[in-house]
Amino acid sequence: MSKKTILVVDDEQDLLDLIEYNLKKEGYNVIKAENGLEGIKAAREHHPNLVLLDIMMPKMDGIETCEHLRADPELKHIPIIFLTARSDEKTEIEGLDKGADDFITKPISTTKLLSRINAVMRRFEETEEEEQVLDVHDLKIDKERYIVTRGDEEFQLPRKEFELLYYLASRKGKVRDRQTLLNKVWGDNIYVVDRTVDVHVRKIREKLGDHYIETVKGVGYRFKD
């Protein structure tokens with residue numbers, strides 16, 4: 001099996017070298033970049049299996065870099081982990097809403113960092129094994145292209161909105177509480193507030209209509225049977 005490649009984007013050279021050393025010990029290939037522009041260029045050239053991305057960087061910050069990666073059809077499926085000194089909830093929610101898969105606050109131990117990287121990798125590999133195209137009601141939900149179609153209409157949802165829709169649709173008729181949805185879509189090793197689910201459901205309804213996902217009061221949500 002070929003080694004997996006991780007792109008590390010951070011403007012702190014000492015931290016870049018430390019992370020590179022420990023990831024290589026773990027068996028990963030490592031590509032380094034010192035700002036967002038270099039990171040996007042490296043991602044397009046190497047197509048890494050995961051991106052570890054600092055937020056506060058010169059030339060292009062991590063949030064904007066994440067947006068560019070998620071807007072690129074060839075790169076939008078790559079898992080992204082933010083690694084940052086900023087620990088406020090607003091920054092975390094913004095990063096996750098832009099499509100990040102995890103959010104790690106500096107300083108962090110090497111052991112914990114590797115554990116979080118491996119957890120995101122495992123979760124991503126598990127979702128790749130799921131059925132790639134769902135036909136539910138009048139929707140076709142294509143996980144390979146991250147596109148939803150309805151007749152001649154095509155909807156390109158942001159990554160987490162798509163994954164939430166896919167998760168509910170693949171379990172049509174079954175109620176899932178908010179905590180389960182957070183764990184399955186965002187991961188059980190990161191902190192995201194319950195209202196994040198509500199916001200994403202609202203955004204899905206705004207784009208597709210409110211007749212697909214039902215609110216079950218006091219419990220959570222389900223995709224209509």
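Rounded to the nearest 0.5 Å, atoms CD1 (I6) and CD (E20) are 11.5 Å apart. The distance from the CG atom of L157 to the OH atom of Y146 is 11.0 Å, given to the nearest 0.5 Å. Interatomic distance, NE2 of H77 versus CD of E163, reported as 10.0 Å (0.5 Å rounding). Note that CG of L164 and NZ of K203 are 11.5 Å apart. Values are rounded to the nearest 0.5 Å. Note that CZ of R150 and CG of D138 are 6.0 Å apart. Values are rounded to the nearest 0.5 Å. Note: L83 CG to L53 CG = 9.0 Å, rounded to the nearest 0.5 Å.
Side-chain atoms of K106 and E12, non-hydrogen and from C-beta on, do get closer than 4.5 Å to each other. Counting heavy atoms from C-beta on, the side chains of I81 and V51 never come closer than 4.5 Å. Under the 4.5 Å side-chain criterion, counting only non-hydrogen atoms from C-beta, H47 is in contact with L75. No side-chain heavy atom of Q156 sits less than 4.5 Å from a side-chain heavy atom of R145.
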Test log, rule side chain to side chain contact (heavy atoms under 4.5 Å, CB included), inputs K174 and F223: CA-CA 7 Å; K174 297 180 180 179; F223 197 93; over 6 Å; no

Stepwise side chain to side chain contact (heavy atoms under 4.5 Å, CB included) check, V148 with L165: CA-CA 10 Å; V148 179; L165 175 67; 3.8 Å; yes

From CA spacing to verdict: side chain to side chain contact (heavy atoms under 4.5 Å, CB included), H211, H137: CA-CA 11 Å; H211 49 285; H137 302 309; over 6 Å; no

Side chain to side chain contact (heavy atoms under 4.5 Å, CB included) between T65 and N35, worked out: CA-CA 9 Å; T65 304; N35 59 65; over 6 Å; no

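Between the side chain of S115 and the main chain of T111, no donor-acceptor pair closer than 3.5 Å is present. In this structure, the side chain of N49 engages the main chain of T5 through a donor-acceptor pair within 3.5 Å. Judged purely by atom type and a 3.5 angstrom limit, R70 uses its side chain to pair as donor or acceptor with the backbone of I78. Put simply, the side chain of E38 gets close to the backbone of E34: a donor and an acceptor are under 3.5 Å apart.
With sequence neighbours excluded, the residues satisfying side chain to side chain donor-acceptor pair (under 3.5 Å) with K140 are D135. Not counting sequence neighbours, K76 has no partner by the side chain to side chain donor-acceptor pair (under 3.5 Å) test. Applying the side chain to side chain donor-acceptor pair (under 3.5 Å) criterion to T215, with sequence neighbours excluded, gives R205.
Counting only N and O atoms by type, the side chains of T180 and N183 include no donor and acceptor under 3.5 Å apart. Residues N118 and Y28 have side chains that bring a donor and an acceptor to within less than 3.5 angstrom of each other. In the model, N22 has no side-chain atom that pairs as donor or acceptor with a side-chain atom of E26 under 3.5 Å.
In this structure, F82 and F103 have perpendicular ring planes: the angle between them is above 60°, well past the 30° mark.
A continuous path of hydrophobic side-chain contacts links L69 to M56 [ILVMFWY only; heavy atoms under 4.5 Å]. Using a 4.5 Å cut-off between side-chain heavy atoms of Ile, Leu, Val, Met, Phe, Trp and Tyr, with links allowed through other members, F162 and V136 fall into the same hydrophobic cluster. Linking ILVMFWY side-chain heavy atoms closer than 4.5 Å, directly or via other members, places Y167 and I204 in a single hydrophobic cluster. Hydrophobic clustering, with ILVMFWY side chains joined whenever heavy atoms are under 4.5 angstrom apart, groups V197 together with L208. Both L16 and L114 are part of a single hydrophobic cluster, where members link through side-chain heavy atoms under 4.5 Å apart.
For the residue pair L168 and R222, the shortest heavy atom distance occurs at CD2-CA, 4.3 Å. When all heavy atoms of G36 and V9 are compared, the pair lying nearest together is N-CG1, 4.2 Å. Among all heavy-atom pairs drawn from G39 and L7, the shortest one is O-CD2, 3.4 Å. The minimum heavy-atom distance between A42 and I31, with the atom names listed, is CB-CG2, 4.1 Å. Summarising the geometry of D101 relative to P79, their closest heavy-atom pair is OD2-CA, 3.2 Å, with the distance given to 0.1 Å.
In this structure, D198 does not pair ionically with R195, as no charged nitrogen and carboxylate oxygen lie closer than 4.0 Å. A salt bridge links R202 to E206: one of the charged nitrogens lies within less than 4.0 Å of a carboxylate oxygen.
Test D10, D54, D17 against K32 for salt bridge (Lys or Arg N to Asp or Glu O under 4.0 Å) and you get one pass: D17.
Within a 6.0 Å sphere centred on NZ of K112, heavy atoms belonging to other residues, nucleotides or ligands number 12 at most. Enclosure of atom NZ in K172 by more than 12 non-hydrogen atoms of other residues, nucleotides or ligands within 6.0 angstrom is indicated. Residue K224 places its NZ atom among more than 12 non-hydrogen atoms of other residues, nucleotides or ligands, all under 6.0 Å distant.
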